[in-house]
Amino acid sequence: MSKRIAVLVSGGGTNLQALIDAQGRNELGGGEIVAVIASKPGAYALERAARAGIPGYVVARKDYPSSQAMTVALVDKLRELDIDLVVLAGFMVILTQEMVQAFPNAILNVHPALIPSFCGEGCYGLHVHEKALAYGVKVTGATVHFVSEECDGGPIVLQKAVYIQDGDTPEVLQRRVMEQAEWVILPQAVSLFCQGRLRVEGRTVRILPQ
Ligand code: GAR
C-alpha cells in the first residue's frame, strides 16, 4: 500500500517543491504527499501545496502555550491524517519527544550541512552557511537523517558533498547546496523509505537492494 506522507514546512518550501516535482515524475517510490503542515500562516510553501492540489494546514507555535503543547497538537493532526512518513523540509520549530515517540524511524529531516558539522540547536537556514564560510571549510553539503530525540543527531540516511567556491556568500552557498544536494537527496531518501528499503541498525542506516 502506498505510504501517506506529510511534509512540515516553515518558509519558502523549495524542498517541498522538489518532493512535489519528484512525485509528478513518479519518483517517490509510490509514496503520496497527502498533507503540507506549516508552522506559520503566511508560509509560501502553502501556496506551492495549493498549486499542486495538496491540502495545507497550519499548526503555529504562537497558538500554543509551549513547544510540548504544539507538538502534541501536531501529532494529533498527523494521526488523524493517517500519516506513515513525516518529512521536515525547512521546518524551523524544534519538536519535543512526543513527536519521535509517535513516529519512531518515520520522520526524515533535511539539514544543509554534512552532519556532524554545523548542526544542532541554533544552526539552521542561512546560519549554517555563515558558519561553514566563517570556519573556512572547502567542502560542505547536505544530510537527510531520521529524527531522534537529539537535535540533528539521528541516523544518517543520505549525504551529498558540495564544494565551496571563491567569493561565496552565505546566500550563494545556500542556493548551491540546495540545487546540488538537498533537492536531490531529499526525494531520494523519501523514495527509499516508501519502498521499504531503509533499515536502521543502531546509528547506521542500511539501504536494502531493490
Ligand atoms: C533548507 O536549506 C533546509 O535544509 C534548511 O532550511 C532551508 C529551507 O528551505 N533547514 C534547516 O536548516 C533545518 N535545520 P526551503 O523552505 O526552501 O525548503
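Any value given below was found using the heavy atoms of this structure, including those in side chains, with hydrogens, waters and symmetry copies removed. Indexing begins at 1, ligand by ligand and atom by atom, following the structure's order.
- Side-chain atoms of Arg197 come within 3.5 Å of backbone N or O of Leu208 as a donor-acceptor pair.
- Side-chain contact, Thr96 with Glu98: a donor N or O sits under 3.5 Å from an acceptor N or O.
- Backbone and side-chain nitrogen or oxygen atoms of Phe91 are examined, and none is located within less than 3.5 angstrom of a nitrogen or oxygen of ligand 1.
- For atom 16 (O) of ligand 1, the nearest non-hydrogen atom of the protein is Gly13 N, 2.8 Å.
- Taking any N or O of Asn109, backbone or side chain, none lies under 3.5 Å from an N or O belonging to ligand 1.
- When only interatomic distances are considered, the shortest N/O to N/O separation between Tyr124 and ligand 1 does not fall below 3.5 Å.
- Judged by distance alone, the side chain of Ser2 and the main-chain N or O of Glu32 form no donor-acceptor pair under 3.5 Å.
- With ligand atoms numbered from 1 in the order given, ligand 1 contributes 1 (C), 18 (O) to contacts under 4.0 Å with heavy atoms of Asn15.
- What sits closest to atom 4 (O) of ligand 1 on the protein, heavy atoms only, is Glu182 OE1, 2.6 Å.
- Nearest to atom 12 (O) of ligand 1 among the protein's heavy atoms is Gly125 N, 2.8 Å.
- Judged by distance alone, the side chain of His129 and the main-chain N or O of Ala113 form no donor-acceptor pair under 3.5 Å.
- Looking only at protein heavy atoms, the nearest one to atom 9 (O) of ligand 1 is Met178 CE, 3.4 Å.
- At least one heavy atom of Val110 lies less than 4.0 angstrom from ligand 1.
- Closest protein heavy atom to atom 8 (C) of ligand 1: Gly90 CA, 3.6 Å.
- Under the 3.5 Å distance criterion, the side-chain polar atoms of Arg175 are left unmatched by any main-chain donor or acceptor of Met178.
- Judged purely by atom type and a 3.5 angstrom limit, Gln159 has no side-chain atom pairing as donor or acceptor with the backbone of Gly141.
- The shell of residues lying under 4.0 angstrom from ligand 1, judged by heavy atoms, includes Met92.
- Of the candidates His111, Gln174, His129, Arg175, it is His111 that places a heavy atom closest to atom 14 (N) of ligand 1.
- A salt bridge does not link Arg176 with Glu179: every distance from a Lys NZ or Arg NE/NH1/NH2 to an Asp or Glu carboxylate oxygen is 4.0 Å or more.
- Here the side chain of Ser191 pairs no donor or acceptor atom with the backbone of Pro187 at under 3.5 angstrom.
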